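Taking it in order: structure first as structure tokens, then the write-up.
Computed from a predicted model, the values in this text were never measured in an experiment.
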Amino acid sequence: MHVVVTGGAGFLGSHLCEALLERGDRVLCVDDYSTGDPQNTAHLGARPGFTLIRADVTAALDIPGPVDAVAHLASPASPPDYHRRPLATLAVGSRGTENALRLAVRHRARFVLASTSEVYGDPLVHPQREDYWGNVNPVGPRSVYDEAKRFAEALSTAYRRSLAANVGILRIFNTYGPRMRPHDGRVVSTFIRQALDGEPLTIYGDGSQTRSFCYVDDLVRGMVAMLDSDLPGPFNLGNPSERTVRQLADLVLEATGSSSGLEFCPLPVDDPARRRPVITRAQHRLGWFPLVPIEEGLRHTVGWFRSRADGTAEGRTAREPVGR
Ligand code: NAD
Ligand code: UDP
């Protein structure tokens, strides 16, 4: 297949590009490096079949040549990233998604949207199935991301209904692994960096809030299965093994062997209290389920952070959680 991956120089996108190249697809990665890193795809540069274009997908997205599938991942994903870029986040979820959809329709290509568990907001129903409509504050600090993704889902569905576009929606739950930016502000990358630097792990609130953490290789297998299918979804993709943030801190301390302490900080506004995917739909329709236990995934991730030359020395940009 000829696959266009928007956001391909980001954390998830770079792993997806790699997986597609591994099986012989040709990959065209489009990224503006706003939250991505050229280093993430540097090792793919010499591979036959890999092309990288630096471009903002909110401008026109014209790709010459064959396109069989479009994986639309371009969007800030970490809360500090989308808080810093609120308008760009809304633009990429709306205009960017429409440009990517148009590209797919022009080429009669498969289109897969990287949506998010954030469409469920601070869920009132637990665990979350795809038929739950969510609990999102439309004017809260997270809304620029949540509502952009909800709009992207609505737009993609309208393209499927009115233009018979071959659209599929994935709702991705918290995913971690190598190539997360040490200073992206997400909890796994932050805890690992802090543990390796001997700094206290910053726990927001009392740490009783939960997330369900999926290792990147598992997630990417699900994305590839969705690209290969004609199914509309939406499908939750995530690891249902739910942990409190406090438990995650202990797991990171164990995986790093660090003796860092804990620092309790105020909880950001609208921080979801609980999150766990029901994945039976993806299991039955895509034959997908996660395989990597968190202890193993953290070991790989810590190994990568350690091996990265500047993994613990990147310029420190203290980012306060929104609402503190
Ligand atoms: P990331 O920030 O590492 O990657 C996003 C990429 O998109 C970056 O390389 C960035 O430069 C690029 N980008 C952003 N705006 C762009 C634009 N206008 N034009 C071109 N490129 C642009 O984040 P990630 O964790 O890899 O997330 C990838 C996708 O998956 C996002 O759409 C995100 O919403 C979704 N997702 C991720 C997670 C997760 O846990 N990682 C969870 C849910 C959903
Ligand atoms: N979190 C934390 N300390 C940090 C960063 C995040 O306790 O240094 C918490 C955050 O408040 C949230 C959870 O960890 O409850 C997951 O945060 P992340 O930003 O990784 O993902 P999201 O909130 O988007 O699910």
Side-chain angles (χ1 to χ4, degrees), residues 1-8 10 12-13 16-17 20 25-32 51 53 55-77 87-120 129-134 136 138 144-172 222-237 281-282 284-286 288:
M1 289 209 298
H2 289 77
V3 188
V4 173
V5 180
T6 75
L12 291 184
L16 178 62
C17 289
L20 293 169
D25 289 344
R26 304 184 75 81
V27 175
L28 193 148
C29 162
V30 187
D31 203 296
D32 68 354
T51 312
I53 297 177
D56 176 351
V57 299
T58 66
L61 187 56
D62 268 326
I63 306 292
V67 177
D68 301 308
V70 177
H72 180 46
L73 281 75
S75 168
L87 300 181
T89 302
L90 285 159
V92 76
S94 53
R95 274 202 309 282
T97 301
E98 179 135 43
N99 286 336
L101 279 162
R102 283 188 178 142
L103 174 72
V105 167
R106 269 199 306 278
H107 290 269
R108 297 183 202 288
R110 171 71 166 159
F111 175 91
V112 171
L113 173 70
S115 185
T116 169
S117 54
E118 284 284 328
V119 300
Y120 302 122
R129 289 174 14 159
E130 290 87 346
D131 54 9
Y132 175 51
W133 294 351
V136 172
V144 293
Y145 181 68
D146 301 9
E147 298 291 16
K149 290 290 185 179
R150 287 169 70 97
F151 178 82
E153 287 201 12
L155 188 66
S156 304
T157 305
Y159 264 69
R160 178 165 57 77
R161 289 200 179 119
S162 57
L163 298 175
N166 183 4
V167 160
I169 296 171
L170 292 175
R171 294 184 180 154
I172 301 169
M223 296 195 89
V224 172
M226 190 62 161
L227 278 166
D228 286 347
S229 85
D230 282 335
L231 297 166
F235 296 131
N236 289 337
L237 284 192
R281 264 201 204 176
H284 291 147
R285 307 299 302 277
L286 293 175
W288 177 86

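The shortest distance between side-chain heavy atoms of Val136 and Glu118 does not fall below 4.5 Å. You'll find the side chain of Val3 stays beyond 4.5 Å of the side chain of Arg26, heavy atoms only. A 4.5 Å side-chain heavy-atom check between Leu28 and Val5 finds every atom pair outside the cut-off. Counting only heavy atoms from C-beta outward, the side chains of Val4 and Leu103 approach each other to under 4.5 Å. A heavy-atom distance below 4.5 Å is not found between the side chains of Asp146 and Val119.
Under the side-chain hydrogen bond (donor to acceptor under 3.5 Å, both in side chains) criterion, the residue pairs touching residues 92-104 are His72-Thr97, Glu98-Tyr159, with sequence neighbours excluded.
With Arg281 contributing its side chain and Pro234 its backbone, the two residues share a donor-acceptor pair below 3.5 Å. Without hydrogens or angle criteria, Asp68 side chain to His2 main chain gives a donor-acceptor distance under 3.5 Å. Here the side chain of Asp25 pairs no donor or acceptor atom with the backbone of Val27 at under 3.5 angstrom.
Tyr120 and Asn236 share a side-chain donor-acceptor pair at under 3.5 Å. For Arg110 and Ser229, the side-chain atoms include at least one donor-acceptor pair closer than 3.5 Å.
Taking the salt bridge (Lys or Arg N to Asp or Glu O under 4.0 Å) definition, one finds that Arg150 meets it with Glu147, sequence neighbours left out.
The OG atom of Ser117 sits 12.0 Å away from atom CG of Leu170, with the distance rounded to the nearest 0.5 Å. Annotation: the span from Asp32 atom CG to Thr6 atom OG1 amounts to 10.0 Å, rounded to 0.5 Å. Rounding to the nearest 0.5 angstrom, the gap separating the CG atom in Leu227 from the CG atom in Leu20 is 6.5 Å. Ile172 contributes atom CD1, which lies 7.5 Å from atom OG1 of Thr116 (distance to the nearest 0.5 angstrom).
Taking a cutoff of 4.0 Å between a charged side-chain nitrogen and a carboxylate oxygen, Glu153 and Arg171 qualify as a salt bridge. Electrostatic pairing of Asp62 and Arg106 counts as a salt bridge here, judged by a charged N lying under 4.0 Å from a carboxylate O.
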